[in-house]
Amino acid sequence: MQYRPTDIEPKWQQRWAEAKVAEIDVTAPGRKLYMLNMFPYPSGDLHVGHGRNYILGDAVYRYYRMQGRAALNPMGWDAFGLPAENAAIKFGKHPREWTLGNIQRMKKQFGRWGILYDWSKEIASCEPEYYRWNQWLFLQLHKRGLAYRGTAPVNWCPQDQTVLANEQVIDGRCDRCGALVEQRELSQWFLKITEYADRLDAGLDTLTHWPEKVKLMQRNWIGRSLGADVDFPVPALGHPIRVFTTRPDTIFGATFMVLAPEHPDVAALIADHPDRDEIESWITAVRNQSALERQEAGKEGRFTGKTAVNPFSEEEIPIWLGNFVLPQYGTGAIMSVPAHDQRDFEFAKQYALPIRVVIAPQGGEAAGDADLAEAYIVKDDSGVSVRSGPIDGLPVPQAIERTIAIIEERGIGKGTVRYRLRDWLISRQRYWGTPIPMLYCDRCGLVPVPEEQLPVTLPLDVPFTGREGNPLAKHETFVNATCPQCGGPARRETDTMDTFVDSSWYFLRFVTPRDEQRIFDPEKVNRWLPVDQYIGGIEHAILHLLYARFITHALHDMGLTSFEEPFTNLFNQGVITKEGFKNPQGSWVSPDEVEWRDGRPFRGQEELTAEVTKMSKSRLNVVPPDELIARYGADTERVYTLFIAPPEKEAAWSDDGVVGAFRFLGRVWQMGQQILEAAPTPGLQAPTSITRKMHQTISAVTSRIERFEFNTAISALMEFSNALGDAVQAGGGAGLRAPYEALLQLLHPFAPHMTEEVWSMLGNEEFVLTSAWPVADPALMQEETVVIAVQVNGKLRGQVEVPAPADEQRVWAAVDAHERVRTWLEGKEIVKKIYVAGKLVNVVIR
RNA sequence: GCCCCGGUGGCGGAAUCGGUAGACGCAGCGGACUUAAAAUCCGCUUUUCCGAAAGGGGAGUGCCGGUUCGAGUCCGGCCCGGGGCACCA
C-alpha cells in the first residue's frame, strides 16, 4: 500500500477533535506542565512561516504527553487591534465580524496541521467576558496609583490618528504603518511601569531558562544607570538646578550646564534676556520636532545669559539650552564635561565653550585642554583623576565613589539609580479595543466605573467612515453616562486600551477561562503558573514580554498570585524567509509572473531583483499550506519545518527541500508494510546492531527534544530509519517489530498522523491516548568496538578497532595486530597514550 | 557610536567534554526498474595530486598568530555579515 497522507490525515484529525484528546481538567492530579504558544492576532490566513511556531509547540506538547505529564496546552486570540478597524473601513465589514471570521479560518488551519489544543479553554480578547477583566485590572492598578492620567509629550501617528507607546516607535516611525511619528503634548492614560523598573531589571537574573539575548535586550531597554544627582546653585534663580550624571568623578571638568528646552526653569532664566523672543521661537521649533528630526538637526543651543556655580570647582559656569538634552531622562539638565563626553565635546566646539581635562591615563600624561580631537572616555581604572582637588590621583571607580560620598556629606545631592524606561502609554484613540472604565463628571471630576458595573461594553453600532478620529467619541449613548458618585451627568472616557494590555495577563485566564466572578481562580493559577514553556517570536522580546512581566509583578503585589515571573522557560523561534522579487520601482512581484532568462529573473522587459526576506503577504512570497498539504500531507510540512534549520535561527523555505521529508516518511511507512507482511517468527530478536542503534536513537532524540534541537532529533531518526531499512532489506521484517515500533513512537511528535495510522495497522491501541515515550537502556547503547586513531607527530596515521570497553592492553594488542599501523610505529618511541571518555583513544608518538 | 550573535562543501546544516570535519537532507552526476514519464531504489558527491585499479599522499572550518600530542571548538589581534539600542548624560 502506498503512503497517501490525504487518505489518513483528515481521519485522525477528526478523531482527535471528537475525542477532545487535549482537553484537561485543571483539578486533575499529576505533574503539571503548562505549555503555551503566544496567542496570535487573527489577521487571516496562515502560511507555512506561521506554522513553525505552532508545529514546534505541538511537537513539544505531544512529547510531554507521552512522558505522562499533565499538560495544559491552550490557545486563544489577541483579537482587538487596528487591522480589524482598517479592514472595516476598507471592506465595510464590522471589525468583530472580520475578526471572528479570521478566527474560524485559523482554527481550521491549526486542525489541518494536526495541532492539539485544549479548545475548551479558548479565549478571545475582544469578547466582553474577557475584556471586562481587562477593565477590572485597570481599576485595580488605578486604585494603587499604577494607572494615571498625565500630560506628556507623546508619540502621535498622523496616519493612524492615535498615540503610540515608545516601544511602538521604530526609527522615528510608527511600527504599524511606517508614518513619521510627531511629538504632541496630550493628556493620556499611563501605566506606571517605571515603579517596577528595579524589580524588572533584577528579576532578569532569576530567569535562568530565558535566552540571554532576550534578557540583554530587556536589560538595555530598562537601561539602569548608577550615578549621582547634584545641585548646582543658580544665583539668578534663587534655587539650585539639579543635574544627573553617571560620571560624578569628572565634575571638576564641568565647564557649563545644558538644560532641555522643556526644562521648567527655562522661562525664569530667559525672562530678561534681550533676545527672548528669538529663544522662545527656537524652543517652540525644537519642541515641535519629532525625535528623529531633533536628532538629525545636529547639536543646537542657546545661551540663557545666566550662570550656575560648579559646587566643586566653585567657578561660575554658563547655563545653555540644548536640543540634545532630553526632558524625559534624568532631571532634564546636565553638567557638561566636554573633555570626557563626546556630546558635550561637540557642543563645546560648536559654541567655543571651555574644555578642561580632568582624567589622565593611568601612569601617563593628561592631554592638554586645547589638544583634544575628541572626548577622552575611560570608565575603568585605566584612568585617574587630575586637577580635581580631593579626588586627585584616584582611579575612575574610586573617584566616582569618593565624589558621591562628598556630595552626600555636603547635602547637595546623592547617589542615584536612573532608568531609561518610561511609563507605558496605554491610551489609544481607536474603536476596536477595551474601553477604559473611567468617567468625567463636571462635579466629581475623574471617577472610576464601579467594579459591579463592568464590563463597559464596546457598542457595536458605530459607523466606520474613515479618518475622522475615534468613532466611539461620536456614539451618544456610549459617551453619555451617569456619575456613580453624585448621580449627575458624566462623560465616558472614549479612549481604548493598547492591545498589549490584553496580552499582558491572558496566560492567567486560560486556567479558569469561564470564571464570571473573578479575573482568575488564584488557587488554580498558583498550581498551573508560571508557564513552564512559552514559545513565540523574537519580535516580542521587549514589548509583550516586558509588559507581561510588569503586570505579573503587580498582580503578585496585590496578593493574587504567589509568583512574580510569568514564564519559566522561554523559546523564541526564528522567522521563515523566502525569495521575493522586486521590480525596478521597488514593488513586489508575484513569483508566478517571474520568468528566468540566463539565470536572471524578469517580468516582461523588466529585470527583477531577488531578495530573501521574511515570508509575508505584502511581499508576495508566502507559501500557503493548503497546496502543500494536499500534495505531501501535514506530516511532511511538520517534519520539513522542524528539519530545515535550528529552530531559533532564521530559515529559508525551499520547495525542493520538502520532498526529503516526504521521502523519509514514505520509507518509514513502507517499512511498516513489510514488517506487517512478515510471517511472525516467535523468539526472533532484532540484530544487536539494530537494538544498539535503537537505544542510541532513543537517548539522542529525547535529549534533543528537551533542548529544542529538532533538526538533529529528526536527522537521528533518519539515521535510525536508514539502518532499520537496510536490516529489513537484508532479512525481511521478521524480528524487527520492536525497533520499528520505537521508531514510530519517537517520530510521533513530528509526524502524528502517519505514525498513528501505522501504529493502528500493527494492531495497537490508539497512539495519542496510550503510547508512552520509550526509555533508553544505557547498557545496550554501548558500541562493541571502539575505534582508535593513531597519530604520529600530530598526523593521523591509521585506525584500529578495539573490543569495548577499551583498556590499555587491548589497545596495544590491536595495534600489534594491525599491519599498517604497526609499520608506522616500528622504531618509534611512544610518548603518551590518551583515553578519552572511555571511547576514543589516541596513541601519540613523537 | 555602544552592546550582542554569527562566519564550516553548490545549498540548509552536523560535529554534548578539545579527539577520524562535512552526519542528515536538498541539488548534481551515474545506474536499476519502466514502452515512456512520474514515482521508487542503488552508487558517487570538500578539494587536489600519484595510481589502470586496489590504495595512498597533500591542503582544508573568514584572515593572522598563540596554547596543546591534537583546535571548527580554547586564547589574542583583525576582516566580513546579521541583530538590538540609539543624543539616556
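In what follows, every chain begins at residue 1, and chains take the letters A, B, ... in the order their sequences are listed. Note that the structure is a prediction, hence the values are computed from the model and not measured.
- Counting to the nearest Å, the C1' atom of B/C87 and the CD atom of A/Glu346 are 9 Å from each other.
- Nucleic acid contact class of A/Ile644 (heavy atoms, under 4.0 Å, all strands): sugar-phosphate only.
- The closest side-chain donor-acceptor pair between A/Trp282 and A/Glu300 falls under 3.5 angstrom.
- Taking 4.0 angstrom as the limit, A/Arg420 places none of its side-chain polar atoms (N or O) nearer than this to OP1 or OP2 of B/C85.
- Rounded to whole angstrom, the span from the CG atom of A/Leu204 across to the P atom of B/G84 amounts to 19 Å.
- Ion pairing between a basic and an acidic side chain is recognised when a charged N comes within 4.0 Å of a carboxylate O; A/Asp229 and A/Arg418 show such pairing.
- Counting to the nearest Å, the C1' atom of B/A39 and the CZ atom of A/Phe662 are 9 Å from each other.
- When distances are taken from the side chain of A/Asn220 to each of B/A23, B/A89, B/C3, the shortest belongs to B/C3.
- Going from atom CD1 of A/Ile714 over to atom C1' of B/G13 covers 13 Å, rounded to whole Å.
- Glycosidic conformation at B/G9 (O4'-C1'-N9-C4 for purines, O4'-C1'-N1-C2 for pyrimidines): syn, within 90° of 0.
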**OP:** Check step by step if side-chain hydrogen bond (donor to acceptor under 3.5 Å, both in side chains) holds for A/Asp249 and A/Thr403.
**Re:** CA-CA 6 Å; A/Asp249 60 311; A/Thr403 311; over 6 Å; no
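- When the P atom is compared between B/C75 and B/C4, the two are found 14 Å apart, to the nearest whole Å.
- Listed nucleotides: B/G25, B/A86, B/A14. Nearest to the side chain of A/Asn711: B/A14.
- In terms of modelled atom types and a separation under 3.5 Å, the side chain of A/Arg549 and the main chain of A/Leu200 share a donor-acceptor contact.
- Here the side chain of A/Met217 is nearest to one of B/C87, B/G84, B/A89, namely B/G84.
- Pairing for B/G6 is with B/C80, a Watson-Crick or G-U wobble pair whose two hydrogen-bonding atom distances lie under 3.5 Å.
- For A/Asn722, whose side chain is taken as the heavy atoms from C-beta onward, the closest listed nucleotide among B/A89, B/C24, B/G13 is B/C24.
- Residue A/Val243 is classed as having no contact, given no heavy-atom separation below 4.0 Å to the nucleic acid.
- Of the P atoms belonging to B/G6 and B/G76, the separation is 15 Å, rounded to the nearest Å.
- Residues A/Glu719 and A/Lys693 are paired through a salt bridge, judged by an N-O separation under 4.0 Å between the basic side chain and the carboxylate.
- Put simply, the side chain of A/Tyr3 does not reach to within 4.5 Å of the side chain of A/Gln670, judged on heavy atoms.
- Comparing atom distances between the A/Val325 side chain and each of B/G13, B/A23, B/A89 picks out B/A89 as nearest.
- Rounded to whole Å, the separation between the P atoms of B/A23 and B/U47 comes to 12 Å.
- Rounded to whole Å, the C1' atom of B/U45 lies 12 Å from the corresponding atom of B/G22.
- For A/Ile542, the listed nucleotide lying nearest its side chain is B/C85; candidates were B/G13, B/C24, B/C85.
- Atom pair A/His540:NE2 and B/G84:C1' shows a separation of 16 Å (rounding to whole Å applied).
- Take the nearest nucleotide of RNA chain B for A/Thr712 and for A/Arg663: the residue whose nucleotide is more 5' is A/Thr712.
- Taking every side-chain heavy atom of A/Glu719 into account, B/A23 is the closest of B/G13, B/A23, B/A89.
- Here B/G84 presents its P atom at 17 Å from CG of A/Leu546, a figure rounded to the nearest Å.
- Syn is the glycosidic conformation of B/C17, whose angle stays within 90° of 0.
- Residue A/Arg667 has its side chain nearest to B/G25 when only B/G25, B/C85, B/G83 are considered.
- Comparing A/Tyr419 and A/Asp656 by the nucleotide of RNA chain B whose heavy atom lies nearest to each, the residue mapping closer to the 5' end is A/Asp656.
- When the P atom is compared between B/G83 and B/C78, the two are found 23 Å apart, to the nearest whole Å.
- Of the nucleotides present, none pairs with B/G22 by Watson-Crick or G-U wobble criteria with both distances under 3.5 Å.
- Pairing of B/G1, defined by two Watson-Crick or G-U wobble distances under 3.5 Å, is identified with B/C85.
- Using a 4.0 Å heavy-atom criterion, one finds that A/Asp344 contacts no nucleic acid atom at all.
- Distance check on atom C1': B/A71 versus B/G65 gives 14 Å, rounded to whole Å.
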**OP:** Take A/Asp380 and A/Ser382, measure what side-chain hydrogen bond (donor to acceptor under 3.5 Å, both in side chains) needs, and give me the verdict at the end.
**Re:** CA-CA 5 Å; A/Asp380 54 25; A/Ser382 64; 2.5 Å; yes
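- B/G13 atom P lies 15 Å from atom CE of A/Met718, rounded to whole Å.
- For the pair A/Leu326 CG and B/C85 C1', the interatomic distance rounds to 14 Å; values are reported in whole Å.
- Base pairing analysis places B/A59 opposite B/U46; the two distances defining the Watson-Crick or G-U wobble pair are each below 3.5 Å.
- One N or O donor and one acceptor, one from the side chain of A/Arg707 and one from the base of B/U16, sit under 3.5 Å apart.
- Distances were taken from every side-chain heavy atom of A/Val659 (C-beta onward) to each of B/C24, B/A27, B/C85; the shortest belongs to B/A27.
- Comparing B/C42 with B/U61, their C1' atoms are spaced 31 Å from each other, to the whole Å.
- Judged by distance alone, with hydrogens and angles left aside, the side-chain atoms of A/Gln696 form a donor-acceptor pair with the main-chain N or O of A/Met781 at under 3.5 Å.
- Distance check on atom C1': B/C44 versus B/G9 gives 15 Å, rounded to whole Å.
- In this structure, CZ in A/Phe244 is found 4.5 Å from OH in A/Tyr329, a value given to the nearest 0.5 Å.
- When the side-chain nitrogen and oxygen atoms of A/Lys649 are compared with OP1 and OP2 of B/G13, one or more of them lie within a distance under 4.0 Å.
- Checking the phosphate oxygens (OP1, OP2) of B/A89, a side-chain nitrogen or oxygen of A/Ser225 falls inside 4.0 Å.
- Counting non-hydrogen atoms under 4.0 angstrom, A/Leu216 reaches the backbone sugars and phosphates but no base.
- Figure legend. B/C33 is base-paired to no nucleotide; pairs are counted as Watson-Crick or G-U wobble with both atom distances under 3.5 Å.
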